[in-house]
Amino acid sequence: MQADGAPAPFPTSRLDALPLDVAHAEEMAAVLRDPALHTFTGGAPEDAGALRARYERQSAGSPDPAELWWNWVLRVRDGGALAGYVQATVRGSRAEVAWVIGTPWQGRGYAKEAAAGLVRFLVGQGSARTVVAHIHPEHTASAAVAAAAGLLPTGEWEDGEVRWLLDAPRDAAPGRPVGPGRP
């Protein structure tokens, strides 16, 4: 976490996760414009103005001081385009995470890379020991992303979605790999 409460940036092999900024709204409106991205989550694409307003709220942080809202946009290092986002709501040692990759960038492994990077970042820096994602039971691509990030389905349901979970070992220390690729 940075001094202003914003999340620190983090890299993956091909992506840079950059803390969300209102200035990202214009480009992200184009990234997120495909209505198919809302098939499992509901809603509809937002224009740049609506995203600016949402990004202002998200950047201001949670009204609950015990909860952190951390949001990152994903910039593809090769070419520099924004391709999606990852987010985490952190409360105590638990983080609820989500990810979205724009349609033109899907099928390249960016979601798996970003989600695994997010989990490593959260657990590795000590921000979370438990990581949770909620995934629609028919969203097989998102289930594959969760599995690649080291989460397992719990069999528990919430609001029509399956809860996926990673409980990091108690001895997980900052900087120690967690999840896929862990020695």
Only counting residues at least two apart or in another chain, list the ones meeting salt bridge (Lys or Arg N to Asp or Glu O under 4.0 Å) with E138.
none

Residues 145-156, side-chain donor-acceptor partners within the protein, below 3.5 Å, at least two apart:
| residue | atom | partner | partner atom | Å |
| --- | --- | --- | --- | --- |
| T154 | OG1 | E156 | N | 3.0 |
| T154 | OG1 | R163 | O | 2.8 |
| E156 | OE1 | R163 | NH1 | 2.7 |

Tell me, which pairs form a salt bridge (Lys or Arg N to Asp or Glu O under 4.0 Å) where one or both residues lie in residues 30-43, sequence neighbours left out?
none

Which residues pass the salt bridge (Lys or Arg N to Asp or Glu O under 4.0 Å) test with E96, sequence neighbours left out?
R94

Any pair with a residue in residues 17-31 that passes side chain to side chain donor-acceptor pair (under 3.5 Å), sequence neighbours left out, goes on the list, sorted by first then second residue, please.
none

Please list all pairs meeting side chain to side chain donor-acceptor pair (under 3.5 Å) that have one or both residues in residues 45-55, counting only residues at least two apart or in different chains.
E46-R54

Ignoring hydrogens and angles, write down the donor-acceptor pairs under 3.5 Å from the side chains of residues 110-119, residues two or more places apart or on other chains.
| residue | atom | partner | partner atom | Å |
| --- | --- | --- | --- | --- |
| E113 | OE1 | R14 | NE | 2.7 |
| E113 | OE1 | R14 | NH2 | 2.9 |
| E113 | OE2 | T12 | OG1 | 2.4 |
| E113 | OE2 | S13 | N | 3.3 |
| E113 | OE2 | S13 | OG | 3.3 |
| E113 | OE2 | R14 | N | 2.6 |
| E113 | OE2 | L15 | N | 3.4 |

I'd like to check the side chain to side chain contact (heavy atoms under 4.5 Å, CB included) partners of P104; sequence neighbours left out, ordered by chain and number.
none

Could I get the full list of salt bridge (Lys or Arg N to Asp or Glu O under 4.0 Å) partners for R77, not counting sequence neighbours?
D16

Given a cutoff of under 4.5 Å between side-chain heavy atoms of I, L, V, M, F, W and Y, with clusters grown through shared members, what are the other residues clustered with V132?
L165

Not counting sequence neighbours, which residues clear ring pair (Phe, Tyr, Trp, His ring centres under 6.0 Å) with H136? List them please.
F40

Residues that E67 engages under salt bridge (Lys or Arg N to Asp or Glu O under 4.0 Å), provided they are two or more places apart
R91

